[in-house]
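Reminder, nothing fancy here: chain letters follow the sequence lines and each chain counts from 1.
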Protein chains: 2
Amino acid sequence: MIAVNLSDEDRWKKYNNFSPLISIFKKFHPLNDEIERRINQHTFPVSYKKNKYLVSPVDRNKFLFLIVKGVVRGFIKDGTAEITTWIAKENEVVGTIRNLWVEGDSEEYLQALEDVDLIAIPHVLSEYLYENFTEANIVGRKMMEQYYRSAEERAYLCRISSAEKRYKRFLVSFPDLINRVSLKHIASFLAIRLETLSRIRAKI
Amino acid sequence: MIAVNLSDEDRWKKYNNFSPLISIFKKFHPLNDEIERRINQHTFPVSYKKNKYLVSPVDRNKFLFLIVKGVVRGFIKDGTAEITTWIAKENEVVGTIRNLWVEGDSEEYLQALEDVDLIAIPHVLSEYLYENFTEANIVGRKMMEQYYRSAEERAYLCRISSAEKRYKRFLVSFPDLINRVSLKHIASFLAIRLETLSRIRAKI
DNA sequence: CTTAGTTGTTGATTATTGTCAAAAAAACAT
DNA sequence: ATGTTTTTTTGACAATAATCAACAACTAAG
């Protein structure tokens, strides 16, 4: 599914010779040279066309992805229906969550909602960095705090009582997504039907 | 609101002379003596009666709390209504989230749903430990990963299409809470009315 | 024990949202 | 451009859940 056929020299040509992950991490904490070297060596760019799935069941949980360009959604198959649990854009890191609380049929998928450019981060790399570099744990801790807050916001959003209020909250929480993501996915994220969302928008 | 009148010697008497926080942290990573000493010195036990609020607007965001005994919920005031976004029990760490994405009227509260014993963790302590001890970042990172997953579960749960399915998911995700928490709070967590929950339960 | 207050149940009614179907509008490919 | 597909809108109707109200069950306090 994901093949790496790039030599170390030209892998990052289009990104000024460095993995974009490095500048993201540096916003949280300075990195030492060895970490940067490892990141350049073991992460790699990958692209998907709009509507393609980022993870097949085969390599689920082998990578995280930094979104360099585009929008990605995460959803869970609930029988025949799909439940979109998040929508992420540039500079966010996405991935499937490993140990879902409840074992069962619910499977998580990632889908590109635009043509996307990503940086793939093998889990083995994250684990290696966490075990060998204290800076990695500082960066990881700070990023997780940020992602935890955004997950809390998603958990709050969908508990707002009326569909209209949820939509309005979406508009202020994610103003940039409304024009980039089709309404059917936003409806799913808001836990309402597309038709209902369409009527709410007509009313406002 | 929170007063500490204990000398260092007897503060932890009821917990075999150590802050219970230490054994929680040690499940994630070994701690050095200096960290343990700081934790014993700067965290302290505090108890609340059922239905009491853990944070007043005054000292919001000054502490996290480890729940040693009891159940706590977090909720957000949405006008007159309350939206319960999580319910936590023993061995979980809870607190208000600082920078909510959207500034505004939504205020977060913590409430004891049983008589609770807690360990208060001043934010200044967390910050100090993060800045001075690499182990703290390892523990913090791992704990945040765990809490992120549980927040994802909450975000998924409330997007399930029917009230009955959400309740059933609750039963498997939080089997221990159903007999400890009043139905009105569970209903709020499931984003349904108490009456609806009552009817669903009658039907099953 | 008795009373007051809270929590949970049940019924009747209303409101909101979902479902199904069709058409319009927009996006995409040739 | 042209036809094709996807997305979005609209309408009629059904189902689900909310609301209001009354009451029963359970707790807590005196």
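Here B:K50 pairs with nothing under the salt bridge (Lys or Arg N to Asp or Glu O under 4.0 Å) rule; sequence neighbours left out.
Protein atom CG of B:N51 is 11 Å distant from nucleotide atom C1' of C:dT7, rounded to whole Å. Protein atom CG of A:N179 is 15 Å distant from nucleotide atom C1' of C:dA26, rounded to whole Å. Atom CG of A:L113 and atom P of C:dA27 are 16 Å apart (whole Å). Atom CZ of A:R201 and atom C1' of C:dT17 are 18 Å apart (whole Å). Following rounding to the nearest Å, B:I160 (CD1) and C:dG18 (P) show an atom-to-atom distance of 15 Å. Rounded to whole angstrom, the span from the NZ atom of A:K203 across to the P atom of D:dT9 amounts to 15 Å. Between the P atom of C:dA27 and the CZ atom of A:R180 lies a distance of 16 Å, rounded to the nearest Å. If you take CG of A:L194 and C1' of D:dT8, they are 6 Å apart, rounded to a whole angstrom.
B:F44 does not carry B:R11 over the face of its six-membered ring by the limits of under 6.0 Å from the centre and within 45° of the normal.
Residue-level contact check: B:S182 touches the backbone only, with heavy atoms under 4.0 Å from sugar-phosphate atoms and none from bases.
Ion pairing between a basic and an acidic side chain is recognised when a charged N comes within 4.0 Å of a carboxylate O; A:E114 and A:K69 show no such pairing.
A donor-acceptor contact shorter than 3.5 Å is absent between the side chain of A:S173 and the backbone of A:F170.
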statement: B/S/- along nucleotides 11-30 of chain D (protein heavy atoms under 4.0 Å) is BB----SSBB----------
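To the nearest 0.5 Å, atoms CD1 (B:I119) and CG (B:L64) are separated by 13.0 Å.
Of the residues listed (B:F189, B:Y109, B:W86), the one engaging B:F75 in a ring-ring contact (aromatic ring centres under 6.0 Å, His included) is B:Y109, and it is the only one.
Comparing C:dG8, D:dT7, C:dT10 by their nearest atom to the side chain of A:K184 picks out D:dT7.
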